[in-house]
Structures are given as C-alpha cells and as structure tokens.
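Here the structure comes first, spelled out in structure tokens, and everything after it is commentary.
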Amino acid sequence: MKCRKCGGAAVLELRRHNTAFCAPDFVEFFRRQVAEAVKRHRMFTREESVLVAVSGGKDSLALWDVLLEGGYKATGLYLDLGIYDYSKESKAKCKAFAAAREAPLLTVSVEEEVGAAIPEVHAATRRPTCSACGLSKRYLTNKAALDHGFAVVATGHNLDDEAATLLGSVLHWQTEPLARQSPSLGSTHPKLVRRVKPLYRLSELETAAYAFLRGIDYIVEECPFAKGATSLLHKEILNRLEEASPGAKHNFLYGFLEKARPAFERVGEVELNECARCGQVTTGTLCGFCKLADQVKRAR
Ligand code: AMP
Ligand code: FES
Ligand code: ZN
C-alpha cells in the first residue's frame, strides 16, 4: 500500500476516502480536516481565545494538539469528576500534556461545585450517573468559559460520536436533540457560550492514529460508568455498516446536517430565562444544575 500523496509506504488506509497515507501525510490530512471544519462552520478565528474541554482521552488531547500547532489561542479545561482512579489518571494525563507544551490548563472540581463527586450524585439523587454527569459537564464548561471570558468552548466529539448520537435520536425521533445536533452551536443568549466540535469529520480510528503518531499520552480506559450500553451498541451497528459500505457513517451524518437538520431547527426554538439562583440560562425558573445541587444538599 502506497501513500497517495508522496508514494512512500502507507501506514493507514482510509477506505471511506479511497486513499492511504504515510505518517507525515496522514498528520497533514488530519489537520486539514480540522481546518476545513473550523472554516466551514466559522468556529473561531486565531484572534479568539478557545476553551478546549479535555478529558485526558485521545480525542480531546488530539484536538488541543492540533489547535496549538495551528497557532490558535487554546486553553484546556479539565473537569475533575471525582470518579476514583479514572479521574486521577485522566487529570494527570491532561496536566502532563499541558506542562510539556507550556499550555494553560484550568481545572474545576465537580465535588466543589455540585456538593458531591459524580459517583455520590447518583446515590443522593437517584439520577442515572451519566445523565447527572452530562448535565454537570455542559453547565460547568459553559460557566468556566463565561467566568474566564472565552468566546467559545471546543469539545473532542468525533465522527463516530456524532453519528451514534444521531442514530440514537433518530431511532426515537427526538426532535429537540435533532435540532441541537450540530458541529457548531451558536450562542442564543448572552450567557450561553458557542460550542463547537472541530473533530466531527474525523473517525475514532483516525483520532487514535493521530494521537499515536504525535506521541500523545492519553488515558485508554473508558469511564467505569461505561457510557450507556446503547451508545456503544449504536457505534457497533454503524461500524458494521461502515465495514460493508465505506463512507456510510459520514454520509449519514453529513446528509443529516445538510439536508435534514434545517427541518428540525424550528422545534429547537424555546424561550430562555436566567436561573433565579445562579443566573445561568434555563427554560424554567431554576436551572437543572441548581436542582441537582439542591437534591445533593437535601440528601446530605
Ligand atoms: P464524552 O462525553 O466522554 O465522550 O466526551 C466528549 C467530550 O467532552 C470530550 O472530547 C471532551 O471534549 C469533553 N469532556 C469529557 N469529559 C471531560 C472532562 N472530565 N473534563 C473536560 N472535558 C471533558
Ligand atoms: Fe460521566 Fe462516565 S464520564 S459518568
Ligand atoms: Zn442555576
């Protein structure tokens, strides 16, 4: 197998693009895909400060690496979820990455903000762990961006994540999540920071290859509360489709974004208020995060 660009020995075949690359040309291809995403969805400019939510995993550290290499002003944000050794190890990976590149890293403790670490939130509130965790992550990334004056939050969601989320929403025709699913969600309120996903054009395999070729040390283990079996099942199903028909995954996602999403956008229009307690944005009176923190407090 030869690299399509230079004719040297290829290290990776990308069947969905009907191509293959050697290591340096793959790294170049990866960065170009990120640049294309940033440009196409007007995610941010080099003048803006970007807050990159980093979990210590391959995707978000690969993203931070690409942005730093590309000359963007990218600060990392690590949320310490307090999930036993998993959190200790992932925090150490983020700190080591930041130190090696002399890049700024903010850390926020969920225990301090919510009143309990993620594993105790479930016991205190009976909410499914991953839903309380997801709610806290969305809230705290937005809050950190507002507190520190960032115009935009970038996450490491890749093509596989986005296609699996889309499949999950379509299977239940969840119109509100469909309206909100986008590589770039603009700010619809002064207290809601723009959210972008610059890796949406790159598969999980490609981000793993990039992280490996760039020598990025990331946490390989998944969170012990394993991301809901259903999202893993959706990824598996999509991988089988991809195997039989390369490009199926990206056609599914890109087709939705180009042709179907606009039809759902109206559904997503809701009235936004400011939370009576913390002032962040909510559709009700108290935001979901303050309700969660109240439940935790009552249980203690
Ligand atoms: P996940 O929902 O775990 O697949 O993560 C999706 C994205 O959310 C990651 O690529 C990160 O950008 C962000 N993220 C997940 N966990 C954390 C964390 N503990 N701290 C900061 N960002 C996170
Ligand atoms: Fe949130 Fe696993 S990362 S519950
Ligand atoms: Zn609130």
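When a ligand or atom number is given, it counts from 1 through the structure's own listing order. Everything numeric here is computed off the predicted structure, so don't read it as measured data.
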May I ask you to decide if the ring planes of H250 and Y254 are parallel, tilted or perpendicular, using 30° and 60° as cut-offs?
-> parallel
Measure D80 to ligand 1 on non-hydrogen atoms and call it side chain, backbone, both or neither using the 4.0 Å cut-off.
->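 D80 to ligand 1: no contact under 4.0 Å from either part.
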So, are K197 and E162 salt-bridged, with charged N and O less than 4.0 Å apart?
-> yes
Hey, is ligand 1 close enough to G156 that some N/O pair sits below 3.5 Å?
->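 So ligand 1 has an N or O lying under 3.5 Å from an N or O of G156.
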Look only at interatomic distance and state if L79 has a nitrogen or oxygen under 3.5 Å from any nitrogen or oxygen of ligand 1.
->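 Yes: some nitrogen or oxygen of L79 is under 3.5 Å from one in ligand 1.
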Got a sec: is C223 within less than 2.8 Å of atom 1 (Fe) of ligand 2 via an N/O/S atom?
->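 No, since none of the N, O or S atoms of C223 sits under 2.8 Å from atom 1 (Fe) of ligand 2.
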Which protein N, O or S atoms does the Zn ion (ligand 3) have within a distance shorter than 2.8 Å?
-> C275 SG, C278 SG, C287 SG, C290 SG
Side chains of [X] and [Y], heavy atoms from C-beta outward: is any pair under 4.5 Å?
X	Y	answer
F225	H122	no
V54	L77	no
D25	R4	no
Y78	V108	no

Note: heavy atom closest to atom 7 (C) of ligand 1, options K137, H157, E222, belongs to H157
Have a look at S55, C133, S136, G134 and point out the one with the heavy atom closest to atom 4 (S) of ligand 2.
-> C133
Classify the side-chain pair N239/K249 by whether it contains a donor and acceptor separated by less than 3.5 Å.
->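 The criterion, which ignores hydrogens and geometry beyond distance, is satisfied for K249 and N239.
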Scan side-chain atoms only and decide if N273 and T282 contain a donor-acceptor pair under the 3.5 Å cut-off.
-> no
Please state whether D161 comes within less than 4.0 angstrom of ligand 1, counting heavy atoms only.
-> no
Does ligand 2 have an atom under 4.0 Å from some heavy atom of K137?
-> yes
Would you mind listing which atoms of ligand 1 come within a distance below 4.0 Å of any non-hydrogen atom of S60?
->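 Close to S60: 10 (O), 11 (C), 12 (O).
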For T155, the ligand 1 atoms whose distance to one of its heavy atoms is below 4.0 Å =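 Listed by number with element, the hits are 12 (O).
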Quick one: do D160 and K235 satisfy salt bridge (Lys or Arg N to Asp or Glu O under 4.0 Å)? Show the steps, please.
-> CA-CA 7 Å; D160 294 56; K235 280 191 178 173; over 6 Å; no
Does E111 reach the main-chain N or O of L81 with its side chain, forming a donor-acceptor pair under 3.5 Å?
->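 Side chain of E111 to backbone of L81, a donor-acceptor pair under 3.5 Å: no, none is there.
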Close aromatic pair by centroid cut-off 6.0 Å: Y210 and F26 =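 That pair fails the under 6.0 Å test.
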